[in-house]
Engineer: 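Let me begin by handing over the structure; questions about it come next.
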Amino acid sequence: MSFVTQLGPHLPFLRRYARALTGSQSSGDAYIKASLAALASDTDGFDKDASPRLALYKYFHLIWSQTGAQLEDKFGGGDQVADFRLQALAPIHRQAFLLSSLEGFTTSEVAEILNASAEQVASYLSEAQTEIESELRTQVLIIEDEPVIAADLESLVTDLGHGVTGNATTHKEAVEMARKNPPGLVLCDIQLADNSSGIDAAHDILQDFDVPIIFITAFPERLLTGERPEPTYLISKPFQESTVKAAIAQALFFHPNKAEAAA
């Protein structure tokens with residue numbers, strides 16, 4: 001089986017991870033391109049005994065560790081937002097946090113990817129969660145037409161110490177709620193109650209407010225086409241609470257307004 005066949009299904013999600021890791025779509029994609037170019041020219045570093053997904057992330061981190069600084073300089077990565085935030089959170093903590101919470105790897109798998117012990121990874125995860133959550137409190141707008149899912153998200157958000165401005169079930173309702181009570185974060189489904197689009201709602205909200213948006217949807221492929229700018233934060237349904245928590249922390253971590261305030 002060719003590398004394209006083995007790795008193709010996992011590349012959209014590696015791109016999502018790289019963007020969340022760097023805080024920039026262009027920088028994240030630059031790392032992916034460098035990894036694939038290296039793999040095409042030399043497969044010795046690719047772990048053929050591991051599952052294709054685990055081996056792909058492991059190889060990505062090998063390239064990350066070898067070429068990270070050069071790529072940041074070349075592609076203009078290291079956004080100011082990330083620069084401010086990364087002063088407070090060590091990169092290895094962020095990597096472990098995202099691999100576990102956003103990508104769903106087990107502690108032992110994260111340890112293999114990062115070439116660390118399980119004990120080290122457990123420590124990284126604990127420290128990252130504490131550091132991120134300690135300074136990120138905001139008001140959240142939930143755009144979700146399924147009552148049970150909306151209630152789960154509200155409970156999750158309040159457990160993290162955030163407030164909820166409301167739960168919208170349609171495009172129109174979402175925009176009206178945002179204008180009435182400007183949120184600091186939006187959790188957004190893409191298919192809403194009246195067949196309107198959460199994507200359109202998010203677009204209209206962004207016309208008025210500079211706010212991070214996390215898409216939570218059963219149709220992630222609609223947003224991972226590569227044909228237009230893609231959301232940095234995209235979660236598939238059914239979701240794990242830990243995944244949503246990680247995405248919330250990362251979205252607020254990299255948001256410009258938060259970073260400017262910290263500066």
Side-chain angles (χ1 to χ4, degrees), residues 7-33 35 53 56-57 60 77 79 81-82 85 94-95 97-105 132 136 138 140-146 149-150 152-153 156-157 160 162 167-168 171 174 178 183-192 196-206 209-256:
L7 305 182
H10 308 296
L11 286 176
F13 301 99
L14 182 64
R15 291 182 65 212
R16 173 186 66 182
Y17 169 71
R19 290 196 298 274
L21 183 62
T22 62
S24 162
Q25 180 173 334
S26 60
S27 184
D29 284 350
Y31 285 113
I32 298 297
K33 291 177 182 178
S35 299
R53 180 170 181 260
L56 178 62
Y57 279 74
F60 170 83
D79 296 343
V81 176
R85 289 298 183 194
R94 189 170 75 261
Q95 293 166 35
F97 184 72
L98 285 169
L99 286 168
S100 174
S101 299
L102 188 63
E103 299 304 316
F105 286 107
I132 291 174
L136 304 176
T138 193
V140 180
L141 171 62
I142 298 171
I143 306 175
E144 171 58 64
D145 64 329
E146 293 290 341
I149 296 177
D152 286 344
L153 289 174
L156 184 154
V157 164
L160 290 175
H162 305 296
N167 176 54
H171 174 181
L185 173 72
V186 177
L187 304 182
C188 187
D189 192 4
I190 66 173
Q191 186 166 307
L192 304 179
S196 59
S197 168
I199 300 173
D200 292 340
H203 179 270
D204 288 348
I205 290 171
L206 288 174
F209 306 104
D210 178 18
V211 58
I213 295 179
I214 300 172
F215 287 96
I216 303 176
T217 176
F219 308 99
E221 66 279 359
R222 296 183 185 179
L223 293 169
L224 293 173
T225 63
E227 298 175 355
R228 58 183 177 183
E230 300 166 352
T232 297
Y233 304 102
L234 176 61
I235 297 172
S236 302
K237 292 180 179 177
F239 57 80
Q240 298 291 325
E241 285 193 4
S242 59
T243 302
V244 179
K245 289 180 180 179
I248 288 174
Q250 288 295 312
L252 294 174
F253 185 93
F254 284 112
H255 189 53

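Quick caveat, the model's predicted, so the values are computed rather than measured.
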Engineer: Can you list the steps and then say if Leu156 with Lys245 is a side-chain contact (heavy atoms from CB on, under 4.5 Å)?
Structural biologist: CA-CA 8 Å; Leu156 184 154; Lys245 289 180 180 179; 3.9 Å; yes

Engineer: If you take all heavy atoms of Ile199 and Phe215, which pair is closest and at what distance?
Structural biologist: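 For Ile199 versus Phe215, the nearest heavy atoms are CA-CE2, 4.2 Å.
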
Engineer: Would you please name every residue forming a salt bridge (charged side-chain N to carboxylate O under 4.0 Å, His left out) with Lys237, sequence neighbours left out?
Structural biologist: Glu144, Asp189

Engineer: Rounded to the nearest 0.5 Å, what separation is found between the CG atom of Leu98 and the CZ atom of Arg19?
Structural biologist: 12.5 Å

Engineer: Keeping the roles fixed (side chain from Ser196, backbone from His171), state whether a donor-acceptor pair exists under 3.5 Å.
Structural biologist: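 Side chain of Ser196 to backbone of His171: a pair is present.
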
Engineer: After noting the C-alpha distance and the side-chain angles of Leu11 and Leu56, does the key distance pass the side-chain contact (heavy atoms from CB on, under 4.5 Å) rule?
Structural biologist: CA-CA 9 Å; Leu11 286 176; Leu56 178 62; 4.0 Å; yes

Engineer: Grab the two heavy atoms, one from Gly198 and one from Cys188, that are nearest each other, plus how far apart they are.
Structural biologist: O-SG, 3.4 Å

Engineer: Can you name the closest pair of heavy atoms from Ile142 and Ala150 and give their distance?
Structural biologist: CD1-O, 4.1 Å

Engineer: Sequence neighbours left out, what passes side-chain hydrogen bond (donor to acceptor under 3.5 Å, both in side chains) with Thr243? Give chain and number order.
Structural biologist: none

Engineer: In Å and rounded to the nearest 0.5 Å, what is the CD to CG distance from Gln240 to Leu102?
Structural biologist: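 Between atom CD of Gln240 and atom CG of Leu102 there are 12.0 Å.
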
Engineer: Measure the spacing between CD1 of Ile205 and CG of Leu141 and express it to the nearest 0.5 Å.
Structural biologist: 5.5 Å

Engineer: May I ask you to test the Val186-Leu206 pair for a side-chain heavy-atom distance under 4.5 Å?
Structural biologist: no

Engineer: How close do Ala202 and Ile213 get, heavy atom to heavy atom, and via which atoms?
Structural biologist: CB-CD1, 3.5 Å

Engineer: Should the pair Phe60 and Tyr17 be assigned to parallel (<30°), tilted (30 to 60°) or perpendicular (>60°) ring geometry?
Structural biologist: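 Rings of Phe60 and Tyr17: perpendicular, as their planes differ by over 60°.
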
Engineer: Would you give the length of the straight line joining atom CZ of Arg16 to atom CD1 of Ile235, rounded to the nearest 0.5 angstrom?
Structural biologist: 7.5 Å

Engineer: Leu153 and Phe239: side-chain contact (heavy atoms from CB on, under 4.5 Å), yes or no, with the steps?
Structural biologist: CA-CA 10 Å; Leu153 289 174; Phe239 57 80; 3.7 Å; yes

Engineer: In Å, rounded to the nearest 0.5 Å, how long is the span from CD of Gln95 to CD of Glu103?
Structural biologist: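 Here the rounded value is 12.5 Å.
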
Engineer: To the nearest 0.5 Å, tell me how far Leu252 CG sits from Leu185 CG.
Structural biologist: 5.0 Å

Engineer: For residues Ala18 and Gly28, report the shortest heavy-atom separation together with the two atoms involved.
Structural biologist: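 Taking every non-hydrogen atom into account, CB-O, 3.5 Å.
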
Engineer: Which atom pair, heavy atoms only, marks the closest approach of Ala201 to Ala174?
Structural biologist: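 Answer, listing the atom of Ala201 first, then Ala174: CB-CB, 4.1 Å.
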
